[in-house]
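To keep things clear, I will list the structure first and then write my remarks on it.
Each ligand, and each atom within it, is numbered from 1 in the order the structure gives.
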Amino acid sequence: MLSFRPSLLLILSFCFLCSVVSAQEKKIAITIDDGPAIKAAELEDWLRVAEELRESFEQSKTPVIMFINEHQLDVFGQREQRRKVLEKWLNAGFELGNHTYSHKKLRDTPIEDYFDDIIRGEKVTRPLVEGRGEELVWYRYPYLSSGRGEQATRVEKFLARKKYRIAPVTVDYHDYSFSNNYSRFLRAGNQQGADRVYEGMSRALDVAFDRAEKNSQQFFGRQIKHVLLIHCNELNAKTLPKTLKRIRDRGYEFITLEEAMKDPAYATPGLPPGSLGGSFFGGMAKITK
Ligand SMILES: [Zn+2]
């Protein structure tokens, strides 16, 4: 027994070391869609949600890219105030991407209308970004609807001509499906109810990360640099610091989308058209059947 104990200790220490090393290796980029603030009809609420989101990322020094639906900026008498939200976001050192003007679903939209919506979606954002000597690089498909076959190829070629790169998603816990209930409880002054909704979302987060990590291991034998999708809603505006901590506690370091996309996983040969814009692991499943 005496000789067994040291070797067991050695094994345990080795396993602990392995888990620490692998934990440190986990990396994820945060992308936040439907910006600057979804489902906040009044200007005051819209500004508040947008400000709270930016402050959370700023205070925690977390890199992030926000995908804009420019129809939110296109409000008579409020355009300047709304444009300033994007300016502040860029001043904080964060990135902006195009999420179309009006959030049309590719599957249900004639392709020419879809192209128009992409171009209309960069009217304010592009000059703001380029005015700083930077480039508008990233595109995110609304509803992650990236099409298939010929349709998907046509959109990808259009985006490439416009020098856009497609932002994929590997972790998605459908935060949007909790946000209406959360806001309803808040408006009713029921913080306990809102907290319960948040707990439900946290469980969904854990399940989604477990699934993404399992997929990554299965397809690549390692943890690729992940890309998380969340949304610019009141739920995140109020709870983001807790959520970021939960993700950090899983062993993740936050990186930029550019950094995540350096992972060769995203350039896997043979990925069918649409794979990068929809479910990335879904695309991988099609070529590894
Ligand atoms: Zn969206």
**Asked** Got a second to check how far Asp34's CG is from Met66's CE, nearest 0.5 Å?
**Response**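 Asp34 CG to Met66 CE: 11.0 Å, rounded to 0.5 Å.
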**Asked** Can Arg246 be said to sit on top of Tyr173's aromatic six-ring, NZ or CZ under 6.0 Å from centre and within 45° of the ring axis?
**Response**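 Ring-cation test returns no.
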**Message:** As a quick check of understanding, evaluate ring-ring contact (aromatic ring centres under 6.0 Å, His included) for His103 and Tyr143, giving each step before the final call.
**Reply:** CA-CA 8 Å; His103 208 271; Tyr143 306 98; 4.5 Å; yes
**Request:** Any chance you could pull the hydrophobic cluster mates of Leu144, using side-chain heavy atoms under 4.5 angstrom and chaining through other members?
**Result:**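 Via sub-4.5 Å side-chain contacts, Leu144 links to Val169, Leu229.
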**Item:** Listed protein N/O/S atoms, distance to the Zn ion (ligand 1) under 2.8 Å
**Value:**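 As for protein N, O or S atoms lying under 2.8 Å from the Zn ion (ligand 1), they are Asp34 OD1, His99 NE2, His103 NE2.
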**Item:** Centroid separation Phe209 to Tyr252 less than 6.0 Å
**Value:**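 Ring centres of Tyr252 and Phe209 closer than 6.0 Å.
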**Message:** Check this for me, if you would: do Lys242 and Asp249 make a salt bridge, where the nitrogen-to-carboxylate-oxygen distance has to be below 4.0 angstrom?
**Reply:**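 No, this pair does not count.
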